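Note sheet for the following structure.
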Amino acid sequence: EGIEIWIAVVDTAGKAGARKACFVIPRQVKQDQTFPFSVKLPVHLEQGAMLKFTYKYNGSDGGDGGVNWMQSFDWTVP
């Protein structure tokens, strides 16, 4: 629930540069369900560029409330 995705271009020194965020609709997504999303970064990406994806969501097993989770991973442009 409440999924946010940030994508940042990371330079060779590991410093984040241009970045964009998106909020996923539908607001609620079930476990193992997929959903489309898109962002347009304000820079041209060349082969070998590194992107850092960070996502945040509130997960619940059906009880009251839930737990906020945040994870990230890197991806290299092929």
Side-chain angles (χ1 to χ4, degrees):
E1 183 170 295
I3 301 169
E4 302 172 27
I5 301 171
W6 296 279
I7 301 171
V9 179
V10 180
D11 67 16
T12 55
K15 185 175 179 180
R19 69 181 97 206
K20 283 286 186 176
C22 72
F23 299 91
V24 174
I25 298 182
R27 182 162 167 71
Q28 201 169 49
V29 178
K30 295 181 190 249
Q31 184 174 350
D32 297 326
Q33 184 178 7
T34 61
F35 53 86
F37 72 94
S38 66
V39 297
K40 290 189 179 186
L41 293 166
V43 295
H44 174 73
L45 297 176
E46 298 197 14
Q47 183 177 10
M50 178 74 70
L51 299 178
K52 179 173 283 296
F53 288 74
T54 303
Y55 57 96
K56 177 185 172 192
Y57 64 95
N58 182 277
S60 174
D61 61 3
D64 290 337
V67 177
N68 286 322
W69 293 92
M70 182 180 275
Q71 295 281 30
S72 66
F73 63 92
D74 295 333
W75 183 74
T76 303
V77 175

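Keep in mind that what you see is a predicted model, and the values were worked out from it rather than measured.
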N/O donor-acceptor pairs under 3.5 Å from side chains in residues 3-13, not counting sequence neighbours:
unit_1	atom_1	unit_2	atom_2	d
Asp11	OD1	Ala13	N	3.0
Asp11	OD1	Gly14	N	3.0
Asp11	OD1	Lys15	N	2.8

Side-chain atoms of residues 50-58: list all donor-acceptor pairs with protein atoms under 3.5 Å, sequence neighbours left out, distances to 0.1 Å.
unit_1	atom_1	unit_2	atom_2	d
Lys52	NZ	Asp74	OD1	2.9
Asn58	ND2	Asn68	OD1	3.1

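Phe73 and Phe35 fall within a single hydrophobic cluster, where Ile, Leu, Val, Met, Phe, Trp and Tyr side chains are chained together by heavy-atom contacts under 4.5 Å.
Closest of all the heavy-atom pairs between Leu41 and Ala18 is CD2-O, 4.3 Å. Among all heavy-atom pairs drawn from Cys22 and Val39, the shortest one is CB-CG1, 3.8 Å.
Remark: Lys20 engages no residue in a salt bridge (charged side-chain N to carboxylate O under 4.0 Å, His left out) (not counting sequence neighbours).
Residue Trp69 qualifies as open at atom CH2: its count of foreign heavy atoms under 6.0 Å is 12 or below.
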